[in-house]
Protein chains: 2
Amino acid sequence: MGATTAFPGAAGTEARLPDVEITSAFWTRYINLVIDKVLPYQWAVLNGEQEVDLPPDPGGNPVDSYDKLNHSIRNLKVAAGEQDAPFHGMPFQDSDVYKWLEAVAYALHHRDDPQLRRLADDVVDLIARAQREDGYLDTFFQIQWKDRVFKRIQQSHELYSMGHYIEAAVAYWQATGNEKALEIAKRMAACIEANFGDGETQVHGADGHPEIELALARLAEATGEERYAMMGRWFLNIRGQDPDFYDNQNRADGWDRDFFSMIRDFPRTYYQAAEPIADQRDAQGHAVRVAYLCTGLAHIARLTGDASLAESAERLWNSIVRRRMYITGQIGSTHVGESFTYDYDLPNDTMYGETCASVGMSFFARQMLALRAKGEYGDVLEKELFNGALAGMSLDGTHFYYVNPLEADPAASAGTPDKGHVLTHRAGWFACACCPSNLARLITSIDRYIYTVMADGTILAHQFIASKATFANGVRIEQTGDYPWDGEISWSVSNPNETPVRFGVRVPAWSAGQYTLTVEGEQVTDGVEDGFVYIEVPAGADRFAVVLGLNMGVRLVRASNRVREDAGKVAVMRGPLVYCAEECDNEGPLWLYSISGATPTEAGYRYDPDLLGGVGVVTKAAVRAQEDPCDGPLYLSAEERGISELAELRMVPYYTWANRADGQMTVWLNRS
Amino acid sequence: MGATTAFPGAAGTEARLPDVEITSAFWTRYINLVIDKVLPYQWAVLNGEQEVDLPPDPGGNPVDSYDKLNHSIRNLKVAAGEQDAPFHGMPFQDSDVYKWLEAVAYALHHRDDPQLRRLADDVVDLIARAQREDGYLDTFFQIQWKDRVFKRIQQSHELYSMGHYIEAAVAYWQATGNEKALEIAKRMAACIEANFGDGETQVHGADGHPEIELALARLAEATGEERYAMMGRWFLNIRGQDPDFYDNQNRADGWDRDFFSMIRDFPRTYYQAAEPIADQRDAQGHAVRVAYLCTGLAHIARLTGDASLAESAERLWNSIVRRRMYITGQIGSTHVGESFTYDYDLPNDTMYGETCASVGMSFFARQMLALRAKGEYGDVLEKELFNGALAGMSLDGTHFYYVNPLEADPAASAGTPDKGHVLTHRAGWFACACCPSNLARLITSIDRYIYTVMADGTILAHQFIASKATFANGVRIEQTGDYPWDGEISWSVSNPNETPVRFGVRVPAWSAGQYTLTVEGEQVTDGVEDGFVYIEVPAGADRFAVVLGLNMGVRLVRASNRVREDAGKVAVMRGPLVYCAEECDNEGPLWLYSISGATPTEAGYRYDPDLLGGVGVVTKAAVRAQEDPCDGPLYLSAEERGISELAELRMVPYYTWANRADGQMTVWLNRS
């Protein structure tokens, strides 16, 4: 695995995570939803006890079976030799179990349910029994393709699946102290170490789907064992070194023996393997793969102190955030290959915007924050949490989105194959079920996304989520407020240490120059440094009070006019929330409305506790063109303008869309 | 084939077509281009003497080989037993030869080239030798699939290919009197009659690709033999009667033995076979198939006097023209299945708009005119001739479009698979080469599109193409004018008969209420009847003068606001021509321009004889927003509007686009 170097991250940021109790009403509701609804539902699905209706795969992946019963747990039992049945499901189906286990680990932190813990312990035992002697574990290969282990890694997802187990193991071990769970992960890592590397008999390539890199980084940081970080770095660096690697492996394995035939001929950028990472200028290819790869990149850059990796992470961050990201944080402009396309290409109605990609961007942003204290990372993380990622689940926790459009129309989804991947209502489950469990683990681990402790001990308070945190050094922070509805966020910091603590408060870019900050009752007007205001919390401080007041006025936002699809349009935001208009609130077609770009008055906002679980509603004066008659001329003189009427547009937060009657939805509105 | 009925069309409209000499400068240039460039080029291609670079199939059809050499003529020689080689090309490749032959037939009318005629005679001889004893002819099946004749007609294109031969034969026989050509067609028809019908051993279905219906109609009208019209009617009526027909045939033939695997699972609407034609409310599925089917429908309705067929033709016409057609006449809103989508779904940048579909709509409009004297049919025909169809060929006759977008951007075509089917420059040839030859036969037969003689003898002058026409009854009409650049069209009608002639002049909808008509120097103000003004040309009249003056001002047009993609946009037209802005004339991005919807003054139009073979250029005052900086924020306050400048947009006719430097193009412009 190459020479070892210093391991600056051995007792790094993750180890300094505080113990956090969430008190935010907004997030407590979501956490309870996942614990009470999502996890039991997923458990029933994984066990084949819950029938699910599967929509066609939105990425166009060939799905062997739209069987209403999922058999992920059975696959593990078959691999363990305890049951006899064929493999069932997607090749990477094991990962659904692992993501469930990871979410359970986080859930147990919020509510220690002994029954759930027992269930999860049993799953760990089952996984241990399914694992091969040499540490290998992938039920698809153990059951169906014993002789093809690591022979077609462009498509196999073996390291992807094991990477998800390693993530789950780290989380479960940290939450419960279950050593067996961690032991399985270490044995997996040993198996991977034995099979991949520069040695002659080893495989010289990385999995087609990045994930192992970030998993090894987590394992390294959790165990303090540098070798895992070095392995992760090796996987990052080998990617794209030999652009023919996958083709050569496929040929050796038998050209047509694909697990996913369509994937074989996708461009190499699909796998981020067209060139070495250091040469990749833009985020290209499958968006979730990019987000996972970048998460590993930033994490391993920090653990190893590798400046080149850090530079690549920042370069790809900029490519995504400055030129290829939707206003809601979603990424992936096309369903073909679930991919990025080109700079400023951000269509709203044919886009992909996979939930997993927004979850992945949350991971990436979190790792970037640990690498460098920059407000932009916190801004994007917030954008994902409150918009792109959260929209992936219905308010009752039973239905999910894979694809998250910014403009939807049931007639279009039904009427044109170009938008057939866009569902206007969430589905119960998916044949490729990565998204629901990914969102579940993000929501249950939200306590890990509030603070970042930097190497020098600085505490960054970058997410506004009411909570009580206790840090390893005894510092306690109580955060209060009713965010995202109210813009006043208070921190009460107690520092029992004999040295002061540097405390960084993020000032979101959307409130830059329009905020107030008081420290112990005194107004602070010191400058913002890369998005943060730093405060020294004195040694021995008790309930040291920091209060941030953000501009919670409704804002009208436009895109750079390099974005063709948003030219002449505006979006409505308030705080971190992007708003949308739905047909159930506004007579369609929604494209007949125009609004001005002027900032609306206070009167345009009202919190409605009875709507959509309690949301702030924005109303804005608009002009609505009368719809032309159905049997009228298709083309007519531009001088026949038709009649326009004054109207009022009613808008709700984007994350709540499609929880009521089916109909059109749009984020971007015509500017009058 | 069912009971025979009266045959009102036996000596119908086609038989009353005048002999026409084209004098129009505009069309003469195109006809010469086809004769001098396109036909020799195509001949070289068909013979494998001309290498061609093939772009990926825009419809996503699997293409066996992107071999630069085409072997259509060789396939015929192999089928004739005169050469030994495998079949090469698309299953329906024979049809490329037939469409070339048909275009040659029309070309010989304009210029009797003995060498070309000899070449075509030789091709007819070769076809005769390739034809099976029983009349069957399809080289793909004769060479490669002898045992699968008529066994998988969902995909086989056998009747499609033979239909194209029948069309060619009728045209070539009419042009040259070559009886052998017609004999082959009759033997084909006999083979089809033997194999298809209600009999127990016969096939009870219609070809997946309509064409045989319109071909049999032409054969019936040319020969006066009713049986062919009855066969055509049988094919129209059998379609969709048993929606499982194709599935059952495919299963019997072997489910996976597809000629086009992706096509098998397309919805039945793709083939217009989901329900009987009488029940089909909307134009659905593959757009070219719809246009061909409808052409046959209208033609056979006329020949058989079948009111139900005529009603279906009109219903489908309305569905297309009122709700599913682009301003340029193109049809087919998606490349997936090269298909119609749903009402008012007319995206400009992801559309298909196949050249063949515009050619097919020209056929359909021409048949509708023969069924009923309605100006709208002539309007649409004109729209196709001057816009949608004509754009399919470069001005030098060497490059062709399959897909014709109304908005194009090289960055998008290269950067997103959603627009990968959109070429921003024409290609030399296609693996599926239906379009170039289709356009060639349309242009060379333009003399057949000027007048329609109705059953009562009324002559409809519906296309404004300068020419000299002699009708069977001795009537002569000389049409003069410099259309489409000039709006004055004159007809000089001589009527040697002892009865007056009813002469209908089309007043285009775009000039309705804004035209002048003088008859023998006298202003006529009589009303327009369904788009035509009727004039009685007296018995014995000599050079009876009719002069139409149309409004040739530049017009600004909008779409019904039910069309989401055109909401807030305007297009520029003048006469029958739709205009477009190209980046080589206007600094991009083109979406930064806005224009008012007000009619421009005279000064905004100038004919430039040196540009693009001589075109009228429109210039219009515009506002252009300064482009936001590349490294600027992706989302910003709507109050930061940026700077706009006054600018001038220069626009050229749509049919001339992409004949200069590669760049963006758009028909629809933002309305200020």
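Since the model is a prediction, treat every value here as computed from it, not as a measurement. Every chain is numbered from 1 and lettered A, B, ... according to where its sequence line falls, protein lines coming before strand lines.
- Considering only heavy-atom pairs separated by less than 4.5 Å from chain A, the leading option among B/V563, B/N561, B/T416 is B/N561.
- Evaluation of the ring pair (Phe, Tyr, Trp, His ring centres under 6.0 Å) rule for B/H286 yields B/H209, B/Y270 as partners, not counting sequence neighbours.
- When every heavy atom of A/N551 is checked against every heavy atom of A/W510, the shortest pair comes out as O-CZ3, 3.4 Å.
- Heavy atoms closer than 4.5 Å to chain A are found nowhere in B/S339, neither backbone nor side chain.
- Residue A/F340: no heavy atom, backbone or side chain, is found under 4.5 Å from chain B.
- Heavy-atom distances place both the backbone and the side chain of B/V557 under 4.5 Å from chain A.
- Side-chain contact, A/T350 with A/D418: no donor N or O sits under 3.5 Å from an acceptor N or O.
- In this structure, the portion of A/A567 lying under 4.5 Å from any heavy atom of chain B is its side chain and not its backbone.
- Using bins of under 30°, 30° to 60° and over 60° for the plane-to-plane angle, the ring pair B/Y377/B/W317 lands in the perpendicular bin.
- Residues of residues 665-672 of chain A lying under 4.5 angstrom from chain B, judged on non-hydrogen atoms, are A/W668, A/R671 in numerical order.
- Options B/A412, B/A625, B/G337, B/S594 differ in how many heavy-atom pairs under 4.5 Å they form with chain A, and the most are formed by B/A412.
- For B/R555, no part sits under 4.5 Å from any heavy atom of chain A, backbone or side chain.
- Contact count against chain B (heavy-atom pairs under 4.5 Å) is highest for A/L634 among A/L634, A/D409, A/T341.
- For a residue to count as touching a neighbouring chain, one of its non-hydrogen atoms must lie under 4.5 Å from one of that chain's; by this rule B/E407 touches chain A with the side chain only.
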Output, in order, the C-alpha distance, side-chain angles, deciding distance and verdict of side-chain contact (heavy atoms from CB on, under 4.5 Å) for A/I263 and A/D258.
CA-CA 9 Å; A/I263 280 182; A/D258 291 306; over 6 Å; no

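- A salt bridge does not link B/R322 to B/D343: none of the charged nitrogens lies less than 4.0 Å from a carboxylate oxygen.
- Remark: A/E640 pairs with no residue by the side chain to side chain donor-acceptor pair (under 3.5 Å) rule, at least two apart or across chains.
- Heavy atoms closer than 4.5 Å to chain B are found nowhere in A/A571, neither backbone nor side chain.
- Residue B/P633 comes nearest to A/S560 through the heavy atom pair O-CB, 3.7 Å, listed as atom of the first residue, atom of the second, then distance.
- Looking at B/Q626, the atoms closer than 4.5 Å to chain A (heavy atoms on both sides) all sit in the backbone: N, CA, C or O.
- Of all non-hydrogen atoms in B/A559 and A/D628, the two that sit nearest each other are O-OD2, 4.3 Å.
- When A/R324, A/M325, A/Q284, A/R641 are compared by the number of non-hydrogen pairs under 4.5 Å with chain B, A/R641 comes out ahead.
- Looking at B/L590, there are no atoms closer than 4.5 Å to chain A (heavy atoms on both sides), in backbone or side chain.
- With salt bridges taken as basic N to acidic carboxylate O contacts below 4.0 Å, one links B/D282 and B/R323.
- If you measure heavy-atom distances from A/R562 to chain B, the contacts under 4.5 Å come from both the backbone and the side chain.
- Ranked by heavy-atom pairs shorter than 4.5 Å toward chain B, the options A/A411, A/A598, A/G632 are led by A/A411.
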Begin from the C-alpha positions of B/D256 and B/R264 and carry the test side-chain contact (heavy atoms from CB on, under 4.5 Å) through to its verdict.
CA-CA 9 Å; B/D256 285 324; B/R264 188 188 58 214; 3.1 Å; yes

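- Applying the side-chain contact (heavy atoms from CB on, under 4.5 Å) rule to B/P589 yields the partners B/W591, B/L592, B/R624, B/E627, B/Q664; only residues at least two apart in sequence or on another chain are considered.
- Between B/Q330 and B/E384, the shortest heavy-atom distance links the atoms N-OE1, 4.3 Å.
- The two atoms that bring B/G597 and B/L556 nearest to each other are O-CB, 3.7 Å, heavy atoms only.
- For B/N318, no part lies under 4.5 angstrom from a heavy atom of chain A.
- If you measure heavy-atom distances from B/P629 to chain A, the contacts under 4.5 Å come from the backbone alone.
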